[in-house]
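Here's the structure, in C-alpha cells; my notes come after.
Order of the sequence lines fixes the chain letters, A, B, ..., with proteins taken first and strands second; residue numbering starts at 1 for each chain. Atoms considered below: every heavy atom in the structure, side chains included; atoms not considered: hydrogens, waters and symmetry mates. Bear in mind that the values here come from a model prediction, so they are computed numbers and not experimental data.
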2 protein chains.
Amino acid sequence: MLEAELILVKKPMHDQEVPVRQAKRDPRHVTLRDVARQCGMSLTTVSRALNHPEFHKEETVERILSVALELGYNPAYHDSARRLSLRRHGIELLNHQIALVFPQDFAYSNYFRLLFAGIWDVLTPAGFGLVLLKSSSFVSSQLPVSFARGEIDGVIMHVTPSDWYAAITKLREESNFGPRPVMSLLSNSIPGCSSVEVDARCHGYLAVKHLLGLGHRAIMYQIKHIDMQPLWHISERVAGYQQAMQEHGLDPAIHLIPVDIGAAYWEIANEPKQHHLLSALPAVPRSDDHPLLVQLRRHPEVTAVLAHNDASAILIRHVLDFIGIRVPEDMSIIGVDDTDPMLDAEGRNMLTTVRLPLEEAGRLAARELIRQLTDKDESQQESRHFLPTELIVRGSTAPSRR
Amino acid sequence: MLEAELILVKKPMHDQEVPVRQAKRDPRHVTLRDVARQCGMSLTTVSRALNHPEFHKEETVERILSVALELGYNPAYHDSARRLSLRRHGIELLNHQIALVFPQDFAYSNYFRLLFAGIWDVLTPAGFGLVLLKSSSFVSSQLPVSFARGEIDGVIMHVTPSDWYAAITKLREESNFGPRPVMSLLSNSIPGCSSVEVDARCHGYLAVKHLLGLGHRAIMYQIKHIDMQPLWHISERVAGYQQAMQEHGLDPAIHLIPVDIGAAYWEIANEPKQHHLLSALPAVPRSDDHPLLVQLRRHPEVTAVLAHNDASAILIRHVLDFIGIRVPEDMSIIGVDDTDPMLDAEGRNMLTTVRLPLEEAGRLAARELIRQLTDKDESQQESRHFLPTELIVRGSTAPSRR
DNA sequence: TTGTACGCGTTATCAG
DNA sequence: CTGATAACGCGTACAA
C-alpha cells in the first residue's frame with residue numbers, strides 16, 4: 001500500500017508546463033542562406049564548409065559551424081532540397097530505412113522474434129528504421145509505395161522455396177529499388193543476393209548421432225509441418241540423418257521411420273485468439289488414430305522422435321502423454337531451434353534440441369547489409385555466411401531401454 | 001522421404017533468368033516535362049491534371065493519364081521535388097511513417113508483441129511504415145534523425161510514469177516533429193496527446209469480486225514487479241480491490257495483504273539468453289526465506305493471491321509448488337493480461353486472469369492515429385478511448401477451503 | 001480551361 | 001580558398 005501511494009504522489013504535476021501541440025508550425029525555417037548572410041559569406045562557401053570542410057581554412061569552417069549552430073540550422077529538415085540537388089549529379093542518399101519481409105505474423109512465433117531481435121539490435125543503434133512486411137502480401141500484392149519512392153535502402157527477407165522467385169523478381173523490377181542489396185536470412189540462397197544460412201544437414205547429423213550414442217536404433221522423424229507450411233531444407237536435414245546412420249553402419253531405410261503429423265490431426269484448444277500460436281500451444285490429438293500413434297503401434301521398436309522444431313516437439317510430447325508414454329523414460333525427443341521450452345514438473349526446460357543462433361543470424365544479416373550499403377567499394381559484392389549449430393542436451397533424451 | 005524429395009525437385013531452376021543487380025541504375029528518369037512534351041501540353045496542365053483533375057476536361061485528364069502510364073512516369077520517385085515545391089506554400093506531405101516507442105526489448109514479451117500485432121495489423125495495410133524505438137534510449141539519448149528530417153508523421157508510445165514527461169517534452173521540442181499527433185497506448189494519459197486506456201480500477205475490482213464469490217476472505221497482492229519496473233496504475237488497481245472488499249462489508253486493511261516479490265528474490269535459471277524472458281520463465285525462489293513464503297507463514301489465513309500479471313502468476317505458482325502448496329486446491333491465483341499460459345498437466349492453460357484487449361488496443365491506437373493524420377478538420381482533436389476488460393475464469397481459482 | 005513564370009534550398013561546376 | 005551560377009522537378013499564383 002505504501003509503495004502504491006508513493007508512486008501515485010511521484011506522478012509529475014506539471015500539467016501546465018507540458019508543451020502542447022500548437023495550432024501552426026513555425027513557418028520560418030533557417031536556411032543555408034540565412035547562415036551565409038549572418039557570416040557575411042557566400043552560400044556556396046557555407047555549403048562546402050559543411051560538406052567538404054577540407055577545402056576551407058579551419059577558421060572559416062569553425063565560424064560557419066558556430067553560426068549554423070547558433071541560428072539553429074537543421075540540415076535534416078532540408079533533406080528534400082539536398083536530394084533534389086544531388087540527383088543532378090547522379091548521387092542518391094541513404095534513407096536509413098530497411099524493409100524486413102517475414103512469412104507470417106511474426107509477432108506470434110519465437111523463431112521470428114529472435115531473428116527480429118537480432119536485426120533490431122544492430123539496425124536501430126545504427127540509425128536505421130525498420131519497415132516490417134508480411135511476405136504473403138509482399139508476394140501477392142503491390143510493393144508498398146516506399147519502394148517506389150526509393151525510400152528503402154535494402155531488404156532482409158525470409159522466403160519460402162515457393163516464394164523467393166516471385167519476391168526477388170518483383171523487387172528487381174521496381175526501378176526505384178532495382179539493384180539495391182537484398183539479404184536472404186535463414187531461407188533460400190537467391191542469385192544476386194547475400195545470405196545468412198545454417199547447415200541443415202548438420203542439424204540432422206548432430207541429432208541422430210546423439211541418439212545413436214544413447215543406444216537408440218529405431219528413430220521416427222517428422223515430415224510435415226503442424227501448420228502445413230512447407231518444411232524448409234528437409235532434404236538436407238534428412239541427408240544428415242542418413243549420414244549419421246551410415247557412419248554407424250546402419251541402414252537408414254530400415255532405422256529411420258517418417259511420420260506425417262500435419263494440422264488435420266490436431267484439435268487446437270478453443271482459447272482466445274491471442275493464445276493460438278504462443279509458445280505453449282494448447283493442443284491435443286484429435287483421437288486415438290492420430291498418425292503418430294498409428295505409426296508408433298506399427299513400429300513398436302521406435303524409441304526416439306526427431307521433431308522438426310521445438311513447437312512440434314512439444315506437441316508430440318502431448319500426444320505421448322495422452323497414451324501414457326513417458327519422456328524421456330519410454331521415448332526420447334529432440335527438437336530444433338531452441339526457441340520454446342518443454343517444461344518439466346519444476347517448470348524448467350527439459351528439451352534436448354539443436355540450437356540455431358537466431359539472434360546472431362539476425363545481427364549478422366543486419367551488419368552485412370549495413371556494410372554493403374556503406375562501403376563504396378564492396379557494395380557490389382554478394383556475401384554468403386554459414387552459421388554453426390549446436391546440440392543442447394537437456395532431459396528429453398535418455399539412453400534407450402532396448 | 002517422398003515428401004522431402006518432392007520439395008527438393010520443386011525448387012525453381014531458373015537461376016539464369018533471375019534479374020540480378022545491375023552495376024548502374026538507369027540514369028534517365030521520366031519527368032513531368034517528358035509527359036507534357038509527349039502530350040503537346042504545358043507542364044502546368046499535366047501537373048494539375050494529376051493533382052486536381054476536377055479543373056480539367058475529362059478528356060484531357062484521360063489523355064495525360066494514359067501518356068504518363070505509357071511513359072512510366074513515377075511520381076513517387078520525384079517526391080523530393082514535390083516536397084520542396086510544396087514547402088513554399090507551407091504544405092507538408094505525409095511520410096506514411098509512424099514511430100513506435102516501447103519500454104523494453106518488446107520482442108521478448110507477449111504483452112508487447114500483442115500490442116504490436118494490433119498496431120501492425122492496421123498500419124501496414126494502410127501503407128504506413130513502422131519505426132521501432134526503445135523507450136529507454138528514446139528518453140536518454142538523441143531522437144533519431146528521422147524526426148529531424150520530419151519523416152515521422154506520428155508516434156504511438158507506451159511510457160512509464162517516470163518517463164512520460166521527458167518523452168513528450170523532447171518530442172514537442174523537436175521543431176520538425178513538433179505538433180504532430182502522439183498516442184499514449186495503455187500508459188499515462190498525457191496532456192496534448194490522445195490515448196487508449198483500460199480501467200485499472202476495474203481489473204482489481206473484477207478479480208477480487210470473483211475471489212470473494214468463491215469464499216476467499218484473506219487475499220494477498222503483489223506490490224513489486226519481478227523485474228523491478230514500476231507497477232503501472234497500481235494505486236487504481238488497489239482502489240478496485242478495496243472497492244470490492246467494501247461492497248462485501250469487509251475491511252481492506254485486514255483482508256488485503258501486500259507482498260513484495262522483487263527480482264532480488266529470484267534465481268533465474270542459467271539458460272541461454274534467448275530463454276530468459278520467454279513466456280515460461282524458468283525461475284525458482286532463491287531459498288526458503290523468499291518474502292512470499294515468509295508472508296504466507298505470517299498470514300496462514302491467506303487463500304488467494306492477486307498477481308500483477310500472468311508472468312508473475314506463473315512465478316508465484318512455482319514458489320508455491322516449491323513448498324507443496326497446490327493450485328487451486330490450497331491456493332487460488334489470478335493473473336492479469338491473459339498473455340501467458342499457466343499450464344496444467346495436460347498442457348492446457350489453467351490461469352484465471354483479467355484479460356486485456358491488447359491487440360484491439362493496438363488496432364484502435366493505430367486507427368485513431370491514422371484518422372488524425374488524414375482528417376483535415378479533426379486533426380487538432382485529441383481523443384481518449386477506454387477499453388473494457390474481462391475476467392476469464394479458468395482453473396487456477398477454486399472455492400476456498402476455509 | 002490552359003499556359004507563363006517563379007521559387008522551394010541545396011549542391012557541384014567553373015571561374016576567379 | 002572563395003563566389004557566382006545553373007540546375008534538380010515540381011506545384012501554384014497569376015495572367016490569358
Side-chain angles (χ1 to χ4, degrees), chain A residues 25-64 67-68 71-93 148-150 176, chain B residues 25-64 67-68 71-94 148-150 175-176:
Chain A
R25 196 100 62 84
D26 179 14
R28 194 82 218 111
H29 269 277
V30 182
T31 76
L32 265 197
R33 178 187 264 96
D34 298 327
V35 178
R37 218 177 345 236
Q38 181 77 10
C39 292
M41 295 186 183
S42 88
L43 220 154
T44 316
T45 309
V46 175
S47 170
R48 214 172 9 211
L50 260 33
N51 297 311
H52 311 284
E54 65 274 17
F55 289 145
H56 289 269
K57 290 202 291 227
E58 218 173 283
E59 187 195 320
T60 318
V61 175
E62 266 175 35
R63 168 88 182 290
I64 292 177
V67 172
L71 258 47
Y73 173 70
N74 179 356
Y77 181 71
H78 302 296
D79 211 50
S80 39
R82 167 186 290 106
R83 296 189 116 82
L84 192 59
S85 176
L86 247 19
R87 177 165 300 177
R88 174 147 63 126
H89 312 284
I91 300 173
E92 297 279 347
L93 254 34
R149 285 204 293 250
N176 228 332
Chain B
R25 196 99 63 85
D26 180 14
R28 194 81 220 113
H29 269 275
V30 183
T31 76
L32 263 197
R33 178 191 261 96
D34 298 328
V35 178
R37 217 178 345 237
Q38 179 78 10
C39 292
M41 295 182 183
S42 90
L43 221 153
T44 317
T45 310
V46 175
S47 170
R48 216 171 7 213
L50 261 33
N51 296 312
H52 310 285
E54 65 274 18
F55 289 147
H56 290 268
K57 288 203 294 229
E58 218 173 282
E59 187 195 321
T60 318
V61 175
E62 266 176 34
R63 168 87 183 290
I64 292 178
V67 172
L71 258 46
Y73 173 69
N74 179 355
Y77 181 72
H78 302 293
D79 210 51
S80 40
R82 167 187 288 105
R83 297 188 115 80
L84 193 58
S85 175
L86 245 20
R87 177 166 300 177
R88 175 145 65 125
H89 312 283
I91 300 173
E92 297 280 346
L93 253 34
L94 273 191
R149 284 204 293 250
S175 70
N176 228 332

Length of the line joining [X]:[atom1] and [N]:[atom2], which is rounded to integer Å:
| X | N | atom1 | atom2 | answer |
| --- | --- | --- | --- | --- |
| B:Leu32 | C:dC8 | CG | P | 20 Å |
| A:Asn51 | C:dG9 | CG | P | 17 Å |
| B:Asp79 | C:dC8 | CG | C1' | 14 Å |
| A:Glu92 | C:dA12 | CD | P | 14 Å |
| A:Ile91 | D:dA7 | CD1 | P | 17 Å |
| B:His52 | D:dC10 | NE2 | P | 15 Å |
| A:His89 | D:dA7 | NE2 | P | 11 Å |
| B:Arg33 | D:dC10 | CZ | C1' | 10 Å |

Check: Any idea which heavy atoms bring B:Tyr77 and A:Asn176 closest together, and the distance?
Finding: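 Taking B:Tyr77 first and A:Asn176 second, the nearest heavy atoms are CD1-ND2, 2.6 Å.
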Check: Which atom names give the shortest non-hydrogen contact between A:His52 and A:His56, and what distance separates them?
Finding: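 Result for this residue pair: O-CD2, 4.2 Å.
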Check: Do any pairs count as a salt bridge (Lys or Arg N to Asp or Glu O under 4.0 Å) and have a residue in residues 37-49 of chain B, sequence neighbours left out, and if so which ones?
Finding: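 The answer is B:Asp34-B:Arg37.
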Next item on the list: Mind jotting down which residue pairs meet the salt bridge (Lys or Arg N to Asp or Glu O under 4.0 Å) criterion with at least one end in residues 73-90 of chain A? Sequence neighbours excluded, please.
Entry: A:Asp79-A:Arg82, A:Asp79-A:Arg83
Margin query: Between A:His29 and A:Asn74, is the side chain to side chain contact (heavy atoms under 4.5 Å, CB included) condition met? List the steps.
Written below: CA-CA 9 Å; A:His29 269 277; A:Asn74 179 356; 6.0 Å; no
Note to self: Between A:Leu50 and A:Leu32, does the side chain to side chain contact (heavy atoms under 4.5 Å, CB included) criterion hold? Intermediate values first, please.
What the structure shows: CA-CA 10 Å; A:Leu50 260 33; A:Leu32 265 197; 3.8 Å; yes
Next item on the list: Mark yes when over 12 heavy atoms from residues, nucleotides or ligands other than B:Glu54 sit less than 6.0 Å from its CD; otherwise mark no.
Entry: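 Check passes, neighbour count above 12.
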Margin query: Is it the case that over 12 heavy atoms from other parts of the model lie below 6.0 angstrom from the CD atom of B:Glu58?
Written below: no
Notebook entry, point to check: Does any residue of residues 80-88 of chain A have a heavy atom under 4.0 Å from DNA chain D, and if so, which ones, in number order?
Noted result: A:Leu84, A:Ser85, A:Arg88
Polar atoms only, N or O, under 3.5 Å: list the protein pairs with nucleotides 1-4 of chain C and their distances.
residue: C:dT2; atom: OP1; partner: B:Thr60; partner atom: OG1; Å: 3.3
residue: C:dT2; atom: OP2; partner: B:His56; partner atom: ND1; Å: 2.7
residue: C:dG3; atom: OP2; partner: B:Ser42; partner atom: N; Å: 3.2
residue: C:dG3; atom: OP2; partner: B:Ser42; partner atom: OG; Å: 3.4
residue: C:dG3; atom: OP2; partner: B:Thr45; partner atom: OG1; Å: 2.4
residue: C:dG3; atom: N7; partner: B:Arg48; partner atom: NH2; Å: 3.3
residue: C:dG3; atom: O6; partner: B:Arg48; partner atom: NH1; Å: 3.2
residue: C:dT4; atom: O4; partner: B:Thr44; partner atom: OG1; Å: 2.7

Margin query: Looking at A:Thr31, I'd like to know whether one of its side-chain N or O atoms comes within less than 4.0 Å of OP1 or OP2 on C:dG9.
Written below: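 Checking A:Thr31 against C:dG9: no side-chain N or O falls below 4.0 Å of OP1 or OP2.
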Checklist line | Phosphate contact (C:dT10 OP1 or OP2) by A:Tyr77 side-chain N/O below 4.0 Å | finding: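 No, A:Tyr77 has no side-chain N/O under 4.0 Å of OP1/OP2 on C:dT10.
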Checklist line | Exam field: side chain B:His78 to backbone B:Val30, donor-acceptor pair closer than 3.5 Å | finding: yes
Next item on the list: State which residues pass side-chain contact (heavy atoms from CB on, under 4.5 Å) with A:Ala81; sequence neighbours excluded, sorted by chain then number.
Entry: B:Leu84
Item checked: Approximate separation, where rounding is to 0.5 Å, of A:Cys39 SG and A:Arg63 CZ ->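 The SG atom of A:Cys39 sits 5.0 Å away from the CZ atom of A:Arg63.
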Next item on the list: Would you mind reading off the bend of the helix from C:dT1-D:dA16 to C:dG16-D:dC1 from its two end axes, five pairs each, to 10 degrees?
Entry: 40°
